[in-house]
Each structure stands twice: as structure tokens, then as C-alpha cells.
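All remarks here apply to the structure that follows.
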Amino acid sequence: MEHILIITGGYLNIEFARAYIKTLSYDRVFAVDRGLEYADALGLVSAYIVGDFDTVNQSLLKDYEHRIREEKISAYIERYPAKKDASDTELAFIKALEEGAGQITVLGATGSRLDHVLANLGLLLQAERAGCKCYIVDETNRVQMLTANGRKNCSIRKEEQYGDYLSVIPMTAIVEGLTIEGVMYPLKDKTIRQGSSLTVSNQILKEAYIAIKKGDVLVIESKDK
């Protein structure tokens with residue numbers, strides 16, 4: 001199934017992104033508003049460009065429109081009004097899921113706007129419930145979600161983990177049947193409530209296994225900068 005790389009308009013360290021995308025095998029790039037600038041700086045040709053375009057460099061956008069008209073690149077631009085019922089990033093998610101993406105990786109989804117960060121993390125839930133594996137990645141974190149209505153478990157090998165720390169954050173009022181094995185602080189069939197810090201900053205020994213029976217959790221691999 002297709003792996004779509006979404007580059008959106010939050011904070012993105014270009015040098016980090018340049019190195020990280022070399023580790024990925026993806027099929028298409030979706031650029032979200034100012035994310036088009038990031039994609040262009042990375043030398044990526046975006047197949048789908050979406051947003052209300054209130055933050056992107058207008059000259060760059062016009063250049064892409066010209067290149068599309070002249071058939072120099074194969075891409076589609078979809079412009080939305082500023083007043084709408086979904087964020088630009090969610091519109092890209094919706095498009096990717098409609099087109100049957102099996103995996104989505106998102107860069108540029110974090111930064112100083114916590115409202116956008118939290119909303120973007122919530123989009124992981126949409127992907128999981130649609131049967132699509134999704135990661136939000138920045139310089140210091142790689143985030144995925146497990147849900148009882150989607151993937152109920154995952155494993156992470158120590159040599160493949162992103163950073164040194166593993167946290168499991170409840171996203172529903174109650175998470176039941178949480179099991180974390182292969183870590184310094186294991187749990188077995190535990191019930192935890194949203195707001196608990198019990199499952200923050202664990203460490204993988206050889207291979208971590210995480211599973212839930214009810215609820216939703218964020219699985220966050222982190223490194224200190």
C-alpha cells in the first residue's frame with residue numbers, strides 16, 4: 001500500500017528533514033501550505049499541494065502553478081478558504097486516506113503552536129481507525145498511536161528506536177489492558193487513567209512490546225536534543 005509523506009507548515013529543521021527522508025521509502029509527497037516551502041528546499045516534488053495558502057511564499061506558489069500549467073511537473077493544487085471546518089493538515093490527511101494510503105509520515109507537524117500540535121496528534125487517531133499506520137516525526141520525537149479500534153499493539157526494537165526514551169500516553173479517560181514488555185519498567189494488563197504519568201520515560205531493553213485492550217494511547221519515542 002502507498003506510503004505518503006506529508007510536509008506541513010509547523011516548525012521543521014531542514015537539515016534534520018533532509019537526513020530523515022533518506023531513511024524512508026515513500027511513494028508521494030503532499031505539501032501543506034508553508035510545507036511547500038520546506039518541500040521545495042528539500043528538493044521534493046509535491047504531487048498534492050493543499051491549504052488556504054496564508055503562510056506560503058506566494059511567489060513560490062505561483063511558480064508551481066506555472067510549472068503545472070506548462071506540464072513541467074505532475075501535481076495538483078487544491079485551494080481552500082481561510083474560513084473552513086478543518087485545518088490544512090487535516091485536509092491533507094483526508095486526501096491521503098481517501099486515496100487508500102497504507103502509511104503516512106508527517107514532518108513539520110510540531111512547533112510553538114500547541115493548539116496545532118495537539119490537533120495534529122489527534123489526526124493520528126483518524127489514520128489508525130482507517131487502518132493506516134501513521135507517524136509524526138521531528139528532531140527529537142517520533143509519535144504513533146495505538147487504539148482498540150485500530151492497531152492494538154506494536155513492537156520497537158532497541159536498535160531501531162528513535163532516541164532513548166519510550167512513553168505511552170493515555171488519550172482516553174481510561175485505558176484498559178495496557179501491557180508494556182521488554183522495557184526497564186514493564187506493565188502487565190494494567191488499567192491507567194488519562195493524566196497519569198506512570199508510563200512516561202521508560203527505556204527499551206532489547207525489544208519493546210506494547211498492547212492495549214481498550215482505549216487509545218500515544219506511543220512516543222524521544223531523544224534529548
Side-chain angles (χ1 to χ4, degrees), residues 1-51 55-57 60-61 63-64 67 73-75 88-89 92-93 95-96 101-114 116-121 123-124 127-128 132-146 154-169 201-208 210 218-225:
M1 298 179 73
E2 191 173 36
H3 181 184
I4 292 178
L5 173 62
I6 295 177
I7 302 181
T8 191
Y11 169 74
L12 182 64
N13 180 304
I14 292 296
E15 294 309 311
F16 151 75
R18 183 172 288 114
Y20 187 73
I21 61 177
K22 290 179 180 178
T23 71
L24 298 178
S25 176
Y26 57 90
D27 299 289
R28 287 190 293 162
V29 176
F30 285 8
V32 181
D33 212 313
R34 188 173 61 172
L36 180 62
E37 295 180 32
Y38 295 145
D40 188 68
L42 293 166
L44 302 175
V45 176
S46 302
Y48 179 62
I49 302 164
V50 63
T55 58
V56 71
N57 181 294
L60 178 63
L61 181 61
D63 177 62
Y64 269 76
R67 291 163 67 187
I73 58 173
S74 177
D88 292 338
T89 306
F93 259 79
K95 182 72 168 178
Q103 182 169 336
I104 298 171
T105 298
V106 190
L107 302 180
T110 60
S112 59
R113 284 287 301 272
L114 289 181
H116 283 295
V117 174
L118 290 171
N120 290 338
L121 291 173
L123 295 176
L124 294 172
E128 283 299 323
C132 176
K133 183 186 293 186
C134 184
Y135 297 93
I136 288 177
V137 187
D138 64 18
E139 294 169 83
T140 54
N141 304 280
R142 180 167 64 187
V143 188
Q144 60 181 304
M145 184 172 283
L146 299 181
C154 72
S155 59
I156 304 168
R157 297 172 62 185
K158 185 172 180 63
E159 62 266 29
E160 297 173 350
Q161 76 176 110
Y162 195 83
D164 302 313
Y165 304 103
L166 175 68
S167 296
V168 178
I169 308 298
S201 293
N202 216 326
Q203 295 183 48
I204 298 174
L205 300 178
K206 290 185 177 180
E207 182 172 8
I210 304 148
L218 289 174
V219 177
I220 305 176
E221 301 163 73
S222 300
K223 61 181 77 173
D224 287 325
K225 193 171 181 178

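Heavy atoms only: backbone and side chains are in, while hydrogens, waters and symmetry mates are out.
Of the inter-residue distances, the one linking L5 atom CG with E2 atom CD reads 11.5 Å to the nearest 0.5 angstrom. Atom CZ of F93 and atom OG1 of T8 lie 9.0 Å apart (nearest 0.5 Å). The line from CD1 of I73 to CZ of R67 is 4.5 Å long, rounded to the nearest 0.5 Å. Here CG of L61 is found 8.5 Å from CG of D33. Values are rounded to the nearest 0.5 Å. In this structure, the separation between OG1 on T110 and CD on E139 is 8.0 Å, given to the nearest 0.5 Å. The distance from the NE2 atom of H3 to the CD1 atom of I104 is 8.5 Å, given to the nearest 0.5 Å.
Here the closest heavy-atom approach between residue E221 and residue L166 is recorded as CG-CD1, 4.2 Å. Between V137 and Y162 the shortest heavy-atom distance is CG1-OH, 3.8 Å. For the pair C132 and A101, the tightest heavy-atom approach, listed with the atom from each and the gap, is SG-O, 3.4 Å. The two residues R28 and A47 make their nearest non-hydrogen contact at CD-CB, 3.9 Å. Here the closest non-hydrogen pair linking E37 and T55 is OE2-O, 3.6 Å.
By the 4.5 Å heavy-atom criterion applied to side chains, L42 and Y20 are not counted as neighbours. L146 is listed as a side-chain neighbour of I210, based on a closest heavy-atom distance under 4.5 Å. Looking only at side-chain heavy atoms (C-beta outward), Y64 and D40 come within less than 4.5 Å of each other. Taking the side chain as every heavy atom from C-beta outward, R157 and E207 approach each other to under 4.5 Å. The shortest distance between side-chain heavy atoms of S222 and T140 does not fall below 4.5 Å. Side chains of V50 and D88 form no contact here, defined as non-hydrogen atoms less than 4.5 Å apart. Counting only heavy atoms from C-beta outward, the side chains of I21 and L107 approach each other to under 4.5 Å.
No donor-acceptor distance shorter than 3.5 angstrom exists from the side chain of D164 to the backbone of K223, with no hydrogens or angles considered. Between the side chain of Y11 and the main chain of R113, no donor-acceptor pair closer than 3.5 Å is present. Between the side chain of S167 and the backbone N or O of S201 there is at least one donor-acceptor pair closer than 3.5 Å. In this structure, R142 contributes its side chain and Q161 its backbone to no donor-acceptor pair below 3.5 Å. Here the side chain of Q144 pairs no donor or acceptor atom with the backbone of K133 at under 3.5 angstrom.
Not a single side chain to side chain donor-acceptor pair (under 3.5 Å) links Y135 to another residue, sequence neighbours left out.
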Exercise for the section: Apply side-chain contact (heavy atoms from CB on, under 4.5 Å) to V106 and N120, showing your working. Expected result: CA-CA 9 Å; V106 190; N120 290 338; over 6 Å; no
Practice task
Determine, step by step, whether Y48 and I4 satisfy the side-chain contact (heavy atoms from CB on, under 4.5 Å) criterion, reporting the C-alpha distance in whole Å, the side-chain angles of both residues, the deciding distance to 0.1 Å, and the verdict.
Solution key: CA-CA 10 Å; Y48 179 62; I4 292 178; over 6 Å; no
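Heavy-atom contacts from other residues, nucleotides or ligands closer than 6.0 Å to OH of Y165 number 12 or fewer.
Judged by the 6.0 Å distance and 45° axis criteria, K95 is not positioned over the aromatic ring of F30.
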